[in-house]
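The next block holds one structure in the form of structure tokens; read it before the comments.
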Amino acid sequence: MAEQKPNAALRPVHGVRRSTTHSGVTHVRTYHSAQYVVVGNHLAQHRELSLTAIGLATHILSVPEGTPVDIRSLAERFPEGRDRIASALRELEAHGYLERVREHTESGRLVTRTYVHHAPVAAAPAPLRMAGRPVAARRTGDRRLGAGTNPPGGHEEDGQPPHPHAPGPAPAPAVPPSPRNPTVAQEEHGPRDRRYDRAVTLLAGLRRADDRLILSRRDVDRLAPAVTAWLDSGATAAVIHHALTDSLPADLRNPAKLIAYRLDELLPVPLPALPAPSPIVATGSGAAHRPEPFQTCDGCERAFRAPRPGRCRDCRADRTVRDESACAA
């Protein structure tokens, strides 16, 4: 007699191939001809990013350029709150997948532009972007795809995107500046002028007001042009020192970022030009017309302008009235 089995064999699911593994995920692949996005395993399987950050990065990579990806828009789109979305954006920034830069538009408005990188890039200190001043690109070889701006054109104008692994020219060996080689430092910072020296002196002396305002040489070189812009706008060193040291937060962790923020946000408007002096009206003889000298009134002892001593206009009027009254009497 055949052996009886308590359970019947499972019916095969048509359309799904059987997996050779006994457990784990089985991929059911479908070909996409449109409406898809390519995400690298370096992001999808990142060991340090949270699941919220990975999903948020995938969403940002899938939207077209110009789509708002700020915290408010993302909080309206997804059920996660603003705190979780802000934390995920900071994670992507820390690992080189996202970059948020504050720039001044041509109309003077301050906007935040978001650049998302399909491949992580090394984090670099962001230069301080001043209004009306172009900022040199920090990375000329990477492709910055952002929400809100067009990607900078290189080989893309010819219809061929730059190869991500194309070898570039070898960088020249950097020669560190030293007191024995002053020409190197002069070539790096350009010709030294008095304004630059005043800016460096002001930044280096901030720690006299607060011990936490200690800046490295690299931070001073990066912030000196912003201080120079303040000096060009007519601000004195005392005004700049007060703006950078007044009402400091109790928990100050990064003094360089705080100073850069204040220099950018509190930049004063340049002083207007002084009005041109009124032209000197020449008399018929050709001599310059000068105001009459001050005289002391003989009646009320007030000062008034007249070519010779005597009485002011009010005293002369009173005296005329008294003379007419006496004549009438």
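Keep in mind the model is a prediction, meaning the values are calculated, not measured.
A donor-acceptor distance shorter than 3.5 angstrom exists from the side chain of T228 to the backbone of A224, with no hydrogens or angles considered. A donor-acceptor contact shorter than 3.5 Å is absent between the side chain of S73 and the backbone of V69. Although no hydrogens or angles enter the test, the distance criterion places a donor-acceptor pair under 3.5 Å between the side chain of R316 and the main chain of R311.
Two residues are said to be in side-chain contact when any heavy atoms from C-beta on lie closer than 4.5 Å; V38 and H118 fail this criterion. Residues L49 and L43 form a side-chain contact, since some pair of their non-hydrogen atoms from C-beta on lies under 4.5 Å apart. Contact check for D70 versus T112: no side-chain heavy atoms found under the 4.5 Å cut-off. Contact of the I60 side chain with the L89 side chain is registered, since non-hydrogen atoms from C-beta on lie closer than 4.5 Å. Taking the side chain as every heavy atom from C-beta outward, L213 and L252 approach each other to under 4.5 Å. When side chains are defined from C-beta on, D219 does not count as touching L203, because their heavy atoms never get closer than 4.5 Å.
Under the 4.5 Å side-chain heavy-atom criterion for ILVMFWY residues, a single connected hydrophobic cluster contains both L266 and L206. In terms of hydrophobic clustering, with Ile, Leu, Val, Met, Phe, Trp and Tyr side chains grouped at heavy-atom distances under 4.5 Å, I214 and L244 are assigned to different clusters. In the hydrophobic clustering of this structure, Y261 does not group with L110; members are Ile, Leu, Val, Met, Phe, Trp, Tyr whose side-chain heavy atoms approach within less than 4.5 Å, directly or through other members. Hydrophobic clustering places F78 together with I71 (ILVMFWY residues linked when any side-chain heavy atoms are closer than 4.5 Å, directly or through intermediates).
Taking 4.0 Å as the cut-off between side-chain N and carboxylate O, D210 and R212 count as a salt-bridged pair.
Within the structure, every pair that satisfies the salt bridge (charged side-chain N to carboxylate O under 4.0 Å, His left out) test and touches residues 239-253, not counting sequence neighbours, is listed here: D251-R253. The side chain to side chain donor-acceptor pair (under 3.5 Å) contacts involving residues 38-53 comprise H42-Y97, E48-H95, S50-E91, T52-R84, where partners must be two or more places apart or lie in separate chains. Within the structure, no pair that satisfies the ring pair (Phe, Tyr, Trp, His ring centres under 6.0 Å) test touches residues 208-228, not counting sequence neighbours.
Counted within 6.0 Å of CZ on R262, heavy atoms from surrounding residues, nucleotides or ligands total more than 12; the atom is thus considered enclosed. The number of heavy-atom neighbours closer than 6.0 Å to CD of E292, taken from other residues, nucleotides and ligands shown, is above 12. In D211, the CG atom is not crowded: 12 or fewer heavy atoms of neighbouring residues, nucleotides or ligands sit closer than 6.0 Å.
For A209 against T245, the heavy-atom pair with the smallest separation is CB-CG2, 4.0 Å.
We find the CG-CG distance between L258 and L263 to be 9.5 Å, quoted to the nearest 0.5 Å. With rounding to the nearest 0.5 angstrom, the CD1 atom of I85 is 11.5 Å from the CZ atom of R90. For the atom pair I54 CD1 and L92 CG, the distance stands at 9.0 Å (nearest 0.5 Å). How far OG1 of T67 is from NE2 of H59: 7.5 Å, rounded to the nearest 0.5 Å. Taking CG of L231 as the start and CZ of R198 as the end, the distance is 5.0 Å to the nearest 0.5 Å. Distance check: E93 CD to Y115 OH gives 13.5 Å after rounding to the nearest 0.5 Å.
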- Item | Test log, rule side-chain contact (heavy atoms from CB on, under 4.5 Å), inputs R102 and E265 | CA-CA 10 Å; R102 308 188 71 178; E265 293 294 329; 3.4 Å; yes

